[in-house]
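Quantities reported herein were computed from a predicted structural model and do not represent experimental measurements. Letters A, B, ... are given to chains in the order of the sequence lines, protein chains preceding strands, and every chain is numbered from 1.
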Amino acid sequence: MTPVTVAQLTQHVGQRVTLQGWLYNMRSSKKVHFLELRDGSGTVQCIVGLEDVGPELFELAGTLTQESSLELVGEVKAHPKRAGVVEVAVSALTLLGGSKDYPISPKEHGTDFLMDHRHLWLRSSRQHAILRVRHAIIQAVRAFFDQRDFTLIDAPIFTPSACEGTSTLFETDYHDDKAYLTQSGQLYMEAAAAAFGKAYCFGPTFRAEKSKTRRHLAEFWMVEPEVAFMDLEGDMQLAEALLCHVVAHVLETRRPELERLERELAPLERVKAPFPRISYREAIELLQREGHPASFGDDFGGDEETVISKHFDRPVIVHRYPAAMKAFYMKRDPAAPELALCMDVLGPEGYGEIIGGGQREDALDTLLASIDHHQLPREAFEWYLDLRRYGSFPHAGFGLGIERTVSWICGLSHVRETIPFPRLLNRLSP
RNA sequence: UCCGGAAUAGCUCAGUCGGUAGAGCAGGCGACUGUUAAUCGCCGGGUCGUAGGUUCGAGUCCUACUUCCGGAGCCA
């Protein structure tokens, strides 16, 4: 008999099936054991009745421990008390792998303990739900760009120099040369945009800042589209359309997981275009009206982003920050040269920056001056400057942080649960 | 790096005024025909983070260190 998955059981009511999985929990009385079986697709209650299986098998079932792996055969039946729920009346059962003293009990645990057992914690229903939402988000991101004729052009992970020159990088040895783990694929995407028109990359990025907050990881995944002949306005529209598509896809396909996470759905259902757009200057005024001491030239910290985003019922786009606080490749606003043609999308409900991007500087001379002004080594950027020497073109793009997006959509308080094996300031294992 | 908090059973925690340690869960044994973190009874389980100090006596007070948590800066 071919094994079926728990998720498929509703199509097999009245039939005998084989199931393979792990014991999630068990409740017992004198003549009946209730095994809760988990197989990765879901969980189902399996009934082992003394009179159905005989004393030998009944006794074996009684000795099973949490997370033992099993194969069982049984008939799929409607749950006698719960509408729409099925259970399995077991007729045969084989213990495949025992499990002695499984460390994660159904009671509470501390974060550090759970992170030490992250390889096992992934089995619990909450972590399962989060990572399924993560998968749905990634699926939606890829589908969004693929449907719009973007070409996936992944950027390298070893890089010879800093992209932005600001953040701390992880340094590593590369055949007796220094190399750094990438903090962004963007410069490479600009080359890709010149070759393919519309390109995106999706991969891990690394930041070595000694940062320890609920929104930081040393290793995180980023999606970075870059489009030739697109300006800042087009960039904002693209970011807005992407987020709408992603949220709609999760709402459509992962509602049980969101319910498991007790995620309030109304704020997600409001994520529809158009998103409000405010300039940096307007954001400063908004903060001042709220009694937050902020003046032109200040960057926004977590508190400021929260104040701004709480003013709106959906993601808000803040554009045209002072050029002085932004990376060297940002194009200046011709109408106000002290401003950069850049934008950040702030997630609602205080989730802060989930997208950052903008239009890139396409004039060779201006870019050279900017590299010098930022005191970056010109040699390292010669290839990048070639993109301005050979058919320069207006272009724009952005980066979307996957973990912050997962955290927002799942309604979590920390990004550490949004990635299977988080790399944090003090955690490199498991 | 800075500011704050914490460290006691396998896990989550309580521990009063300084008088040598307690619960729930997990584990073991038993009871119970339908349970949903099942319930009920019994049992085993401790170098109180480490090193000093004060004291007749320290889980408790003091000092240093270590680790973790929350936040800041920095960032997506």
Exercise for review: Could you grab the distance from atom OG1 of A/Thr151 to atom CG of A/Asp154, nearest 0.5 Å is fine?
Suggested key: 11.5 Å
Check your understanding: Are A/Arg277 and A/Glu240 close enough for a salt bridge, meaning some N to O gap below 4.0 Å?
Key -> yes
Review point. What residue among A/Tyr384, A/Trp383, A/Phe158 forms ring pair (Phe, Tyr, Trp, His ring centres under 6.0 Å) with A/Tyr188?
Key: A/Trp383
Practice item. Using the C1' atom on both, measure B/C48 against B/C61 and round to a whole Å. Key: 16 Å
Exercise for review: Give a yes or no on this: more than 12 heavy atoms of other residues, nucleotides or ligands lie within 6.0 Å of atom OH of A/Tyr174.
Suggested key: no
Point to revise | Protein-nucleotide distance (A/Asp299, atom CG; B/C74, atom C1'), rounded to Å | key: 9 Å
Check your understanding: salt bridge (charged side-chain N to carboxylate O under 4.0 Å, His left out): which pairs involve residues 126-147 of chain A, sequence neighbours left out?
Key -> A/Arg126-A/Glu417, A/Arg132-A/Glu257, A/Arg134-A/Glu403
Point to revise | Syn-anti status, with the boundary at 90° from 0, for the nucleotide B/U20 | key: syn
**Study point:** Whole-Å C1' distance, B/A9 and B/G49
**Key:** 15 Å
Check your understanding: Start at the 5' end of RNA chain B and walk down; is the nucleotide closest to A/Glu36 or to A/Phe220 reached first?
Key -> A/Glu36
Practice item. Would you check if the distance from the ring center of A/Phe296 to the ring center of A/Tyr280 is below 6.0 Å? Key: yes
Review point. Are any of the side-chain heavy atoms of A/Leu37 and A/Leu23 separated by less than 4.5 Å?
Key: no
Review point. Salt bridge check: are A/Glu226 and A/Arg360 linked by an N-O gap of less than 4.0 Å?
Key: yes
Check your understanding: Expressed in whole Å, how much space separates the C1' atoms belonging to B/U47 and B/A51?
Key -> 14 Å
Exercise for review: Check the surroundings of atom CD in A/Glu59: do more than 12 heavy atoms from other residues, nucleotides or ligands lie under 6.0 Å from it?
Suggested key: no
Check your understanding: Rounded to the nearest Å, what distance is computed from the CG atom of residue A/Leu64 to the P atom of nucleotide B/G27?
Key -> 12 Å
Exercise for review: Take the protein atom CD of A/Glu219 and the nucleotide atom C1' of B/C75, then report the distance between them rounded to whole Å.
Suggested key: 16 Å
Review point. Taking C-beta and beyond as the side chain, do A/Ile153 and A/Tyr200 meet within less than 4.5 Å on heavy atoms?
Key: no
Practice item. Give A/Leu217 one of three labels, base, sugar-phosphate or nothing, depending on what nucleic acid heavy atoms sit under 4.0 Å from its own. Key: base
Exercise for review: Could you tell me the separation between the CD atom of A/Glu353 and the P atom of B/G73, rounded to a whole number of Å?
Suggested key: 14 Å
Study note, to complete from the structure: Whole-Å distance, A/Leu425 CG to B/C69 P, equals 9 Å
Check your understanding: Which letters describe nucleotides 28-35 of chain B, given B = protein heavy atom under 4.0 Å from base, S = only from sugar-phosphate, - = neither?
Key -> ----BBBB
Check your understanding: How long is the line joining CZ of A/Arg215 and C1' of B/G73, in whole Å?
Key -> 13 Å
Revision key, fill the gap. Taking for A/Tyr102 and for A/Ala218 the nucleotide of RNA chain B with the nearest heavy atom, the one nearer the 5' end belongs to A/Tyr102
Review point. Rounded to the nearest Å, what distance is computed from the CD atom of residue A/Glu305 to the P atom of nucleotide B/G73?
Key: 10 Å
Dump every N/O contact between nucleotides 70-72 of chain B and the protein below 3.5 Å, one line per pair.
| residue | atom | partner | partner atom | Å |
| --- | --- | --- | --- | --- |
| B/G70 | OP1 | A/Arg416 | NH1 | 3.0 |
| B/G70 | OP1 | A/Arg416 | NH2 | 3.0 |
| B/G70 | O3' | A/Arg214 | NH2 | 3.2 |
| B/G71 | OP1 | A/Arg214 | NE | 2.1 |
| B/G71 | OP1 | A/Arg214 | NH2 | 2.1 |

Exercise for review: Tell me what A/Gly110 touches on the nucleic acid: a base, only sugar-phosphate, or nothing, going by heavy atoms under 4.0 Å.
Suggested key: sugar-phosphate
Exercise for review: In plain terms, say whether A/Glu36 and A/Arg27 are close enough for a salt bridge, that is, a side-chain N and a carboxylate O under 4.0 Å apart.
Suggested key: yes
**Study point:** salt bridge (charged side-chain N to carboxylate O under 4.0 Å, His left out) pairs, two or more places apart, involving residues 318-331 of chain A
**Key:** A/Arg320-A/Asp333, A/Lys326-A/Asp344, A/Lys331-A/Glu361, A/Lys331-A/Asp362
Review point. Which of residues 113-143 of chain A have a heavy atom under 4.0 Å from RNA chain B?
Key: A/Phe113
**Study point:** Pairwise C1' distance, B/G71 and B/G28 [rounded to whole Å]
**Key:** 44 Å
**Study point:** Base B/C11 to side chain A/His109, donor-acceptor N/O within 3.5 Å cut-off
**Key:** no
**Study point:** Pairwise P distance for B/A26 and B/A21, with rounding to whole Å
**Key:** 26 Å
Review point. If the C1' atom of B/C69 is compared with that of B/C13, how far apart are they to the nearest Å?
Key: 16 Å
Check your understanding: Rounded to the nearest 0.5 Å, how far does CZ of A/Phe113 lie from CZ of A/Arg118?
Key -> 14.0 Å
Point to revise | Any A/Arg314 side-chain heavy atom under 4.5 Å of A/Pro348 side chain | key: no
Point to revise | A/Glu264 with A/Arg270: basic N within carboxylate O range, under 4.0 Å | key: no
Review point. Within this structure, what is the CG-to-P distance between A/Leu35 and B/U36, rounded to whole angstrom?
Key: 15 Å
Point to revise | Stem regions touching RNA chain B, defined by at least 3 consecutive Watson-Crick or wobble G-U pairs below 3.5 angstrom | key: B:1-7 with B:66-72, B:10-13 with B:22-25, B:27-31 with B:39-43, B:49-53 with B:61-65
Point to revise | Gap in Å between the two C1' atoms, one belonging to B/A7 and one to B/G59, rounded | key: 11 Å
Check your understanding: Is it true that A/Phe202 and A/Phe145 have ring centroids separated by less than 6.0 Å?
Key -> no
Check your understanding: Expressed in whole Å, how much space separates the P atoms belonging to B/U66 and B/A23?
Key -> 36 Å
